[in-house]
Structure formats: structure tokens, C-alpha cells
Student: 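First the structure, which I've put down as C-alpha cells, then a few questions once you've had a look.
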Amino acid sequence: MVMGVFGTEIYQRIWRNLIMNVYTGDKIRNVVLLGHGGCGKTTLTEAMAFLSGVVTRMGKTADGNTISDYDKEEQKRHFSIETSVVPIEWEGHKINIFDTPGYFDFVGEVEEAAGAAAGAIIVVNGKAGIEVGTEKAWELCERYKLPRIFFVTNMDDDNASYRQVVEDLTERYGKKIAPFHLPIREDEKFVGYVNIVSETGNRWKDDGTVEECEIPDYSKEYLTQYRDTLMETVAETSEEFMDRYFNGETFSEAEIRAALKANINDGSVVPVTMGSSVLVQGIYTLLDDIVKYIKSPDTRKIAGINQKTNEIFEADYDFSKAKSAYVWKTIVDPFIGKYSLIKVCSGVLKSDDTLYNSERDSEERIGKLYVLRGNKPIEVPELHAGDIGALAKLNDVRTGDTLSTKATPIAYAKTEISTPYTYMRYKAKNKGDIDKVSSALTKMMAEDLTLKNVNDAENHQTLIYGMGDQHLEIVASKLANIYKVEIELTQPKVAFRETIRKNSDVEYKYKKQSGGHGQYGHVKMRFEPSQDPEKAYVFEECVVGGAVPKNYFPAVEKGLDASVESGPLAAYPVVGVKATLYDGSYHPVDSSEQAFKMATIQAFKKGFMEAGPVLLEPIASLKVTVPDSYTGDVMGDLNKRRGRVLGMNPVAGGKQVVEAEIPMTGLYGYCTVLRSMTGGRGTYEYEFIRYEQAPSDVQEAEVKARAEQVANANADE
């Protein structure tokens with residue numbers, strides 16, 4: 001239906017889009033789409049691709065056939081998991097559109113895209129209004145100092161309220177919110193819009209273009225109100241304009257747009273526009289606004305460090321300077337191969353260039369140059385400063401690396417990526433797949449910097465870290481569907497420790513006779529707290545008269561080494577024990593190192609259990625950042641988790657940082673609970689600080705659980 005509406009103009013655009021042209025920095029716009037999950041970013045991308053002629057038919061997320069959601073997991077789940085780049089050509093310009101995920105588990109993808117972009121479109125569902133993802137999108141723009149435009153979509157929905165969105169945005173972000181449009185509805189249908197800048201009414205025609213129409217009476221009051229606010233903003237851009245404004249003069253449309261461009265790019269004005277992505281209404285205007293108001297890269301600043309001279313290299317997206325590019329994202333796909341997505345920061349990259357990677361001290365011949373449209377590589381002869389492109393099969397290049405020339409080796413600051421704190425224990429369902437799982441995870445970690453694979457040898461478990469439970473679930477699903485290996489995710493073992501609080505004095509005689517030489521080792525030992533929790537044990541000997549010959553002392557130490565690896569209480573590592581060998585006996589024929597080692601192991605078990613054994617649990621320092629209104633709920637929940645709240649510190653944006661100490665056992669599942677409790681607005685971070693004695697009920701439950709595991713011959717290990 002939509003194809004018929006736009007007719008031959010779309011076919012002309014498609015013909016022009018068959019080959020991607022080369023664009024200079026002044027003709028490039030890099031724009032990231034941000035917003036809450038499900039607000040319509042991918043559908044908007046599809047509408048822009050359709051209107052610009054990239055596709056002949058708009059795909060749907062529900063059908064799994066959009067350009068940007070090409071991953072099988074995305075198609076199965078009907079939401080974005082990874083950032084996709086969709087370059088389009090519009091009125092002599094190239095717009096690189098970054099379609100990002102909206103769900104918080106994939107924030108690393110969003111951060112990478114925001115770091116590579118020069119402007120943002122924050123998409124708001126006109127029916128749902130401002131959501132937590134909208135707020136996080138704004139915060140991200142503030143962090144990266146990105147000029148932004150709000151696009152209120154789904155305006156064809158009867159329940160969509162553009163005016164309510166504008167009011168809510170103004171209440172939250174103040175006078176910088178500047179609506180550029182007002183909707184025109186007839187018989188509850190979205191039929192056009194009022195352009196506040198030009199003060200004209202516009203109605204959509206059947207062929208997709210607009211024609212001027214009368215401004216409805218119900219819009220005139222808001223038109224006057226919003227335009228007055230705009231004119232005040234324009235007047236504040238210069239003293240001359242201010243004087244003219246107070247003298248009652250009007251500004252020309254060209255003057256208004258020039259002033260707005262400056263205001264938008266310094267963040268003092270944030271336009272609000274609208275449309276329907278499904279009906280491709282308002283998209284033409286949005287694309288025009290991107291070209292008009294978002295700065296081209298060649299007008300922006302970027303600097304790195306010249307690794308040879310240690311001086312600042314002001315690249316500033318200048319095509320005349322030495323070649324350099326920043327790798328902002330990596331794609332490792334079993335089907336399309338490995339692509340390093342780059343932002344060209346200076347110079348002009350050409351096919352067959354050789355570039356130097358100062359991070360790895362290696363040179364790479366880049367071969368062909370590409371731009372990726374979703375997962376489709378399009379070859380280009382060159383990429384100018386400010387453009388987004390892709391390089392294939394650079395095995396020694398990773399996300400965050402800088403590629404430059406050996407004569408001028410540059411390093412740019414790496415994009416800050418969120419730290420993953422949610423983790424699960426995993427193991428391969430098929431033991432023969434252990435190496436395959438490890439190899440697949442290595443490839444996935446090259447793509448996803450918020451994914452970590454940790455071998456916890458101490459607790460005999462492998463751990464996988466991510467941004468949330470859904471993130472880890474999707475990792476497991478990808479391993480199964482793409483790499484054909486399956487893993488089981490289970491609750492991780494917490495790294496408890498064992499120590500003693502009292503003293504003990506024990507002896508153990510190890511005797512064994514089995515024909516020929518026997519085995520004989522006899523030790524008398526004292527055990528006491530060492531007061532040094534950093535060391536497993538301290539060993540001393542004060543044997544008199546050669547009761548135990550010196551050549552057996554190392555065997556006693558070996559017995560202690562073996563004993564502290566898995567303590568007698570609950571099979572956890574032992575810390576903070578002082579062991580003193582003070583007496584014993586030996587047999588001139590039957591004694592051996594092995595016999596004294598075994599005697600020590602048994603003496604340790606006995607002495608440890610007689611010296612007031614206790615479990616130590618790991619304690620973390622926790623910081624939870626939440627809006628003021630949620631602090632009570634957060635503190636109440638922390639108390640239930642045996643956390644100790646130490647205080648609160650106010651931070652920008654009406655938020656508080658709740659600082660607490662909490663047992664690591666209390667952090668399992670905390671990500672999901674915190675998001676549920678705060679509507680997704682809460683974030684947290686933690687780090688291990690020390691060990692503390694576990695309460696008796698915790699110790700009792702843990703000892704019982706571990707005893708069952710040991711009885712089953714450590715089946716879980």
C-alpha cells in the first residue's frame with residue numbers, strides 16, 4: 001500500500017541507492033536512534049530506508065524482515081539486540097543511521113553507537129509517552145554532548161497524544177524543549193501537521209507529499225504559545241536579535257533556522273517533531289531536519305595522542321590530515337565473517353591502504369573498504385573523514401583500537417562501556433564441547449564488550465558476566481543456534497572461606513603396613529588463628545631433639561598445602577591459620593615424605609575442627625543509584641539481603657547514591673529485583689572489599705549443602 005502511495009519518486013531513489021557514493025565530511029550526518037524498548041526505532045529506520053529508496057518495501061519487526069534486525073535472535077524475539085548501521089542518501093547527503101537496542105541489557109551496544117554518532121533522534125511512542133528508556137536516552141546524550149531531536153511516533157494511533165508528550169518533556173527538561181510541529185486531526189485521524197517555524201498548515205496527499213491547508217482553530221493558541229517560546233530562544237542568540245525582538249521586529253525564516261541550528265547543536269534547544277513511521281508520515285520532514293540542524297562531522301572536534309611525539313593530535317575530522325580511524329564496534333558472524341566498524345577521524349581511507357595499530361604494534365593492509373547496511377557489505381573506493389565504514393577480516397584488530405599511519409601513530413580515547421555485574425555459572429552440556437564453547441564465547445566477547453568469561457579455578461566453576469539475566473539467556477541461545485553448542489546456566493557458588501577462632505593441639509600417627517617397607521609418620525601440631533587473613537597459613541616448627549628430622553619438614557608443608565585447598569568444614573579454601581609442628585616421631589626404615597604429608601593432612605583436619613571453625617563470607621561495597629523516590633524501597637530491600645546501609649549522597653538529576661555493604665550472596669538476582677523495584681531507573685555497581693564471619697544460620701545451611709555435594713563425590717564439579 002505504501003509503495004503505491006509514493007510511486008515513481010521511490011524508484012528513482014532506489015536506482016540512485018544501488019551504488020553507495022563517496023561523500024565528503026560536510027555532506028555526512030551520523031545520527032543514533034535512542035529510546036525505550038519497543039518505542040519504534042527499528043520501524044523508523046525502516047521508514048527512512050524506504051523513503052530514501054534503500055528498500056522497495058518496508059519490513060516489520062513482527063515479521064522479522066527489517067534491514068537492521070538481521071540477527072536470528074532479533075528476528076525470533078522481535079526486538080533489537082545489536083546496533084545496526086543503515087546508511088541512506090538524502091538530498092545530496094549521506095545519513096548514517098545507528099539503530100540501537102532499547103532494552104537495558106544491551107546498553108553496551110547503545111554506548112558504542114552514541115560514541116560514534118554526532119547527533120541523536122530520541123524516539124518516543126506517542127501512545128506510551130515518556131518511559132524510562134526516554135530518560136536514559138537523554139542522560140546518554142548529556143554524557144556524550146549530543147545534539148538531539150525528539151521524534152514522537154505512532155501518531156496514527158487514536159490514543160497518541162503529542163501535546164501530552166510535549167508537556168511532559170517540558171516539565172522534565174524545561175524551556176529548552178521546542179515543539180516544531182502540532183498535529184492536525186480530522187475525525188480522530190492524523191491527516192497533517194502545523195509547522196511552527198513557518199506558521200503553515202500541511203496536509204498529506206495521496207501521493208505522500210503535502211499541500212498547504214488552513215491552520216485549525218484548536219491549534220492556534222498552542223501555535224502562538226510555542227512560537228513565542230521559539231522566538232525568545234532565537235532572540236537570545238545575539239544582542240542584535242535581542243534588540244530586534246524587544247523592538248517588536250520579526251525574524252525571517254532563514255534567520256530563525258540559522259539560530260535554531262546553533263541552539264540545537266549546543267544543546268540549548270531540543271526540537272520535538274512527530275509522525276507515523278508505519279504510514280511514512282513526517283519522515284521526509286525528519287530527514288530534512290537532520291540535514292538542516294545536525295552538524296556535519298567536519299565542524300566537530302576530536303583529538304587523540306600522537307604515540308611517537310606524545311603530543312595532542314587534533315584530527316577534527318579533517319580530510320587533509322594524516323589518516324586515522326577509530327574502531328567503535330566489531331561484528332563476528334559465522335556467516336558474513338568479521339567486520340571492524342570504523343569512524344574515520346582524519347584523512348581519506350582508500351582501498352589497499354596499510355594502517356598501523358599502535359595498541360597491538362602491528363600493521364594491517366585493509367584491502368577493500370565497505371559500508372555496512374544492516375548485515376549487507378557495500379564496497380566503496382574511499383571513506384572520507386567523518387564517515388562510518390567497515391573493514392573486513394582484520395584478525396588483530398579489536399573494538400577500541402585506533403588505526404593510523406606508522407609515520408603518525410595515533411591513539412584515541414576508548415569509549416566508556418558499562419561494566420557487567422550480573423553473572424551465572426555455566427558448563428557445557430556435552431563435555432566434549434568445552435573447547436568449542438570457549439572458542440565461541442571468545443568470538444562473542446569480541447563483539448560484545450559487556451560480556452565476560454571468567455574461569456573461577458578456586459571454586460571449580462566457569463562464570464559468564466553480562467548486563468542482566470536476559471543478556472545471559474540470549475548468549476546461551478546464540479551459542480546453541482549459531483555455534484551449535486549448548487550450555488547450562490546455574491546459580492554460581494559464592495567464594496566462601498574457612499578459618500578458625502580458637503586454638504587446638506593434636507597429634508596424628510600415620511601407619512601402614514603392606515609387605516616390604518611400611519609407611520610411618522607421626523606429628524604433633526598446634527593450630528591457632530594467624531591474624532593474617534591474606535595468607536592461607538603460616539607454618540612454624542619448634543621440634544627439639546630431632547623427633548622429626550628436618551628433611552621431613554617440607555613434607556609437612558606439602559600436607560598443609562593440600563589441606564588448605566579444601567577445608568574440613570565445607571570444602572572451601574582455608575585462610576588465616578597458624579600451624580606449628582612441635583613434636584612427633586619417625587621410623588628409620590618406614591618413614592617417608594608421603595607418610596609425613598598424610599599424617600599432616602589428617603592432623604590438620606582434626607586440629608581445624610577442634611579450633612572453633614567458622615565460615616567467612618565475601619562482603620561487597622555496593623553503590624545503588626536511584627531517583628529520590630525509590631531510596632526507601634531500596635534500603636528496605638537491602639536490609640532483607642543482610643546489607644548494611646552506610647549513607648546516601650545526592651547526585652545530579654534528582655538521584656541518590658545509596659552506599660552499603662552487602663554479602664555477595666545477597667547480590668544474586670539483584671539486577672532483576674532492582675529494575676522491577678525502580679521501573680528500570682536504578683543502577684548499581686559493586687566491588688569485593690573483605691571477608692567477614694558468616695552468621696550461624698548461613699554457616700549451618702552452607703555446611704549442610706556442601707556436605708551433600710561432597711557425599712556425592714563432588715558431582716557438580
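Along the sequence shown, residues are numbered consecutively beginning with 1.
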Student: Heavy-atom count around Glu171 CD within 6.0 Å, excluding the residue itself: above 12?
Tutor: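 Open: at most 12 neighbouring heavy atoms sit under 6.0 Å from CD of Glu171.
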Student: With heavy-atom distances below 4.5 Å as the criterion, would you say the side chains of Ile196 and Leu223 are in contact?
Tutor: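 A side-chain contact exists here, since the closest heavy-atom pair is under 4.5 Å.
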Student: Ignoring hydrogens and angles, tell me if any N or O in the side chain of His384 forms a donor-acceptor pair with the backbone of Thr24 under 3.5 Å.
Tutor: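 Such a contact is absent between His384 side chain and Thr24 backbone.
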Student: Are the side chain of His78 and the backbone of Thr61 linked by a donor-acceptor contact shorter than 3.5 Å?
Tutor: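 Yes; judged by distance alone, with no hydrogens or angles, the pair exists.
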Student: At their closest point, which heavy atom of Val86 faces which heavy atom of Gly374, and how far apart are they?
Tutor: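 Scanning both residues completely, I find the closest heavy atoms to be CG2-N, 4.3 Å.
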Student: Is Asp69 salt-bridged to Arg77, cutoff N-O under 4.0 Å?
Tutor: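 Looking at Asp69 and Arg77, the cut-off is not met.
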Student: Under the side chain to side chain contact (heavy atoms under 4.5 Å, CB included) rule, what do Thr43 and Thr153 come out as? Steps first, then yes or no, please.
Tutor: CA-CA 10 Å; Thr43 306; Thr153 189; over 6 Å; no
Student: Would you say the side-chain atoms of Tyr162 pair up with the backbone N or O of Val272, donor to acceptor, closer than 3.5 Å?
Tutor: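 At least one qualifying donor-acceptor pair exists.
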Student: Any ion pair linking Glu112 and Lys343 (charged N to carboxylate O, less than 4.0 Å)?
Tutor: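 No.
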Student: Tell me, do Ile331 and Glu447 make a side-chain contact under 4.5 Å, heavy atoms counted?
Tutor: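 Side-chain contact under 4.5 Å: yes.
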Student: Of all the heavy-atom pairs spanning Leu369 and Pro381, show the shortest one and how long it is.
Tutor: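 It is CD1-O, 3.6 Å.
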Student: Would you say the side chain of Arg148 lies within less than 4.5 Å of the side chain of Leu34, judging by non-hydrogen atoms?
Tutor: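 Not in contact.
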Student: I'd like to know if Lys329 pairs up with Glu109 as an ion pair, taking the criterion as any Lys NZ or Arg NE/NH1/NH2 lying under 4.0 Å from an Asp or Glu carboxylate oxygen.
Tutor: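 Yes.
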Student: Is it true that a side-chain atom of Ser84 and a backbone atom of Ser68 form a donor plus acceptor pair closer than 3.5 Å?
Tutor: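 Answer holds: yes.
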Student: Does one side chain, of Tyr193 or Thr273, offer a donor that lies under 3.5 Å from an acceptor on the other?
Tutor: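 No, no side-chain donor-acceptor contact under 3.5 Å.
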Student: With heavy-atom distances below 4.5 Å as the criterion, would you say the side chains of Asp243 and Glu249 are in contact?
Tutor: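 Side-chain contact under 4.5 Å: no.
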Student: Rounded at 0.5 Å granularity, tell me how far CG in Leu182 sits from OG in Ser219.
Tutor: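 Reported value, rounded in 0.5 Å steps: 5.5 Å.
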Student: Any idea which heavy atoms bring Glu416 and Tyr144 closest together, and the distance?
Tutor: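 Where Glu416 meets Tyr144 most closely, the heavy atoms are O-OH, 3.6 Å.
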Student: So do the side chains of Pro147 and Tyr293 get within less than 4.5 Å of each other, counting heavy atoms only?
Tutor: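 With C-beta onward as the side chain, the pair stays apart.
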Student: Yes or no on side chain to side chain donor-acceptor pair (under 3.5 Å) for Thr42 and Thr66, after CA distance, side-chain angles and deciding distance?
Tutor: CA-CA 8 Å; Thr42 298; Thr66 62; 5.6 Å; no
Student: Answer whether the closest heavy-atom distance between the side chains of Asn125 and His36 falls below 4.5 Å.
Tutor: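 The answer is no; the side chains never approach within 4.5 Å.
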Student: Please report the interatomic distance NZ(Lys94) to CD1(Ile28), rounded to the nearest 0.5 Å.
Tutor: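 It is 6.0 Å, given to the nearest 0.5 Å.
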Student: Return yes if some donor-acceptor pair links the side-chain N/O of Asp316 with the main-chain N/O of Asp318 below 3.5 Å, else return no.
Tutor: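 Looks like no, no N/O pair under 3.5 Å.
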Student: Check whether Glu74 reaches the backbone of Glu82 with its side chain - one donor and one acceptor, N or O, closer than 3.5 Å.
Tutor: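 Yes; judged by distance alone, with no hydrogens or angles, the pair exists.
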Student: Can you label the angle between the Trp138 ring and the Tyr173 ring as parallel, tilted or perpendicular, going by 30° and 60°?
Tutor: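 Rings of Trp138 and Tyr173: parallel, under 30°.
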Student: Using atom types as modelled and distance alone, determine if a side-chain donor or acceptor of Arg203 lies under 3.5 Å from a backbone N or O of Glu212.
Tutor: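 Pair absent, no side-chain N/O of Arg203 close to backbone of Glu212.
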Student: Check Lys76 with Glu73, please: is the shortest side-chain N to carboxylate O separation under 4.0 Å?
Tutor: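 Salt bridge present between Glu73 and Lys76.
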Student: Indicate whether any N or O donor in one side chain lies under 3.5 Å from an N or O acceptor in the other, for Glu89 and Asn21.
Tutor: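 There is such a pair (donor and acceptor under 3.5 Å, judged by atom type) between the side chains of Glu89 and Asn21.
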Student: Run the salt bridge (Lys or Arg N to Asp or Glu O under 4.0 Å) check on Glu314 and Lys321 step by step: do they pass?
Tutor: CA-CA 9 Å; Glu314 295 178 348; Lys321 293 186 177 178; 5.1 Å; no
Student: Taking C-beta and beyond as the side chain, do Arg373 and Pro87 meet within less than 4.5 Å on heavy atoms?
Tutor: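 Yes, side chains in contact.
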Student: Using the rule given for side chain to side chain contact (heavy atoms under 4.5 Å, CB included), can you reason through Phe180 versus Leu260, listing the C-alpha separation, both sets of side-chain angles and the distance that settles it, and then say yes or no?
Tutor: CA-CA 11 Å; Phe180 276 19; Leu260 287 174; 3.7 Å; yes
Student: With a 4.0 Å cut-off on N to O distance, would you call Arg244 and Glu255 a salt bridge?
Tutor: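 Counted as a salt bridge, because a side-chain N and a carboxylate O are separated by less than 4.0 Å.
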Student: Search all heavy atoms of Gly192 against all heavy atoms of Met274 and return the closest pair with its distance.
Tutor: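 Shortest heavy-atom separation between Gly192 and Met274 comes out as O-CE, 4.4 Å.
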Student: Could you give me the CA-CA distance, side-chain angles and deciding distance for Glu236 and Lys175, then say whether salt bridge (Lys or Arg N to Asp or Glu O under 4.0 Å) is met?
Tutor: CA-CA 13 Å; Glu236 288 171 1; Lys175 288 186 176 180; over 6 Å; no
Student: Enter the distance from Ile342:CD1 to Leu349:CG here, rounded to the nearest 0.5 Å.
Tutor: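 Output value for this atom pair is 5.0 Å.
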Student: Is Glu239 atom CD crowded by more than 12 heavy atoms from other residues, nucleotides or ligands, each under 6.0 Å away?
Tutor: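 It does not: Glu239 CD has 12 such atoms or fewer within range.
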Student: Assess whether side chain to side chain contact (heavy atoms under 4.5 Å, CB included) is satisfied between Phe104 and Gln470, documenting all intermediate values.
Tutor: CA-CA 10 Å; Phe104 311 134; Gln470 188 179 53; over 6 Å; no
Student: Tell me whether Arg143 is salt-bridged to Glu111, with the criterion being a basic N under 4.0 Å from an acidic carboxylate O.
Tutor: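 Judged by the 4.0 Å cut-off on N to carboxylate O distance, Arg143 and Glu111 do form a salt bridge.
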Student: In Å and rounded to the nearest 0.5 Å, what is the CZ to CG distance from Arg227 to Leu230?
Tutor: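 Spacing of CZ (Arg227) from CG (Leu230) equals 7.5 Å.
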Student: Is the count of non-hydrogen atoms from other residues, nucleotides or ligands lying under 6.0 Å from Lys261 atom NZ greater than 12?
Tutor: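 Counting neighbours around NZ of Lys261, more than 12 heavy atoms of other residues, nucleotides or ligands fall under 6.0 Å, so yes.
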Student: Under the side-chain hydrogen bond (donor to acceptor under 3.5 Å, both in side chains) rule, collect the residues that match up with Thr45, sequence neighbours excluded.
Tutor: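 Scan of Thr45 (side-chain hydrogen bond (donor to acceptor under 3.5 Å, both in side chains), adjacent residues dropped) gives none.
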Student: Quick one: pull up CG in Asp71 and CD1 in Ile81 and give me the separation to the nearest 0.5 Å.
Tutor: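 Those atoms lie 5.5 Å apart.
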Student: Over all heavy atoms of both residues, which pair between Val123 and Leu44 is shortest? Give the atoms and the distance, please.
Tutor: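 That closest heavy-atom pairing would be CG2-CD2, 3.8 Å.
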Student: Before giving the answer on side chain to side chain contact (heavy atoms under 4.5 Å, CB included), spell out for Thr450 and His471 the whole-Å C-alpha distance, their side-chain angles and the decisive distance to 0.1 Å.
Tutor: CA-CA 9 Å; Thr450 62; His471 187 190; 3.3 Å; yes
Student: Ring pair (Phe, Tyr, Trp, His ring centres under 6.0 Å): which pairs involve residues 231-275, sequence neighbours left out?
Tutor: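 Those involving residues 231-275 are Phe241-Phe251.
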Student: Let me confirm one number: the OG1-CG distance from Thr672 to Asp105, rounded to the nearest 0.5 Å.
Tutor: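 Between atom OG1 of Thr672 and atom CG of Asp105 there are 8.0 Å.
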Student: Are any side-chain N or O atoms of Arg29 and backbone N or O atoms of Asp26, one a donor and one an acceptor, separated by less than 3.5 Å?
Tutor: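 Yes; judged by distance alone, with no hydrogens or angles, the pair exists.
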Student: Is it the case that Asn195 and Thr200 place a side-chain donor and acceptor less than 3.5 Å from each other?
Tutor: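 Checked: Asn195/Thr200 side chains show no N/O donor-acceptor pair below 3.5 Å.
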Student: Any side-chain to backbone donor/acceptor pair from Asp99 onto Leu33? Under 3.5 Å, distance only.
Tutor: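 Absent.
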Student: Which pair of heavy atoms, one from Asn375 and one from Pro377, lies closest together, and at what distance?
Tutor: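 Heavy atoms only, the tightest pair is O-CD, 3.3 Å.
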Student: Test the Arg163-Tyr222 pair against the cation-pi criterion, namely NZ or CZ under 6.0 angstrom from the six-membered ring centroid and within 45° of the ring axis.
Tutor: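 Yes, Arg163 and Tyr222 form such a contact.
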Student: Under 3.5 Å, side chain of Thr237 to main-chain N/O of Thr233, donor-acceptor pair present?
Tutor: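 Between the backbone of Thr233 and the side chain of Thr237 there is no qualifying donor-acceptor contact (under 3.5 Å).
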Student: Tell me, do Tyr218 and Ile184 make a side-chain contact under 4.5 Å, heavy atoms counted?
Tutor: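 They are in contact (side-chain heavy atoms under 4.5 Å apart), so the answer is yes.
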Student: I'd like to know whether CD of Glu214 has more than 12 heavy-atom contacts from other residues, nucleotides or ligands below 6.0 angstrom.
Tutor: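 For Glu214, atom CD is not crowded (no more than 12 foreign heavy atoms under 6.0 Å).
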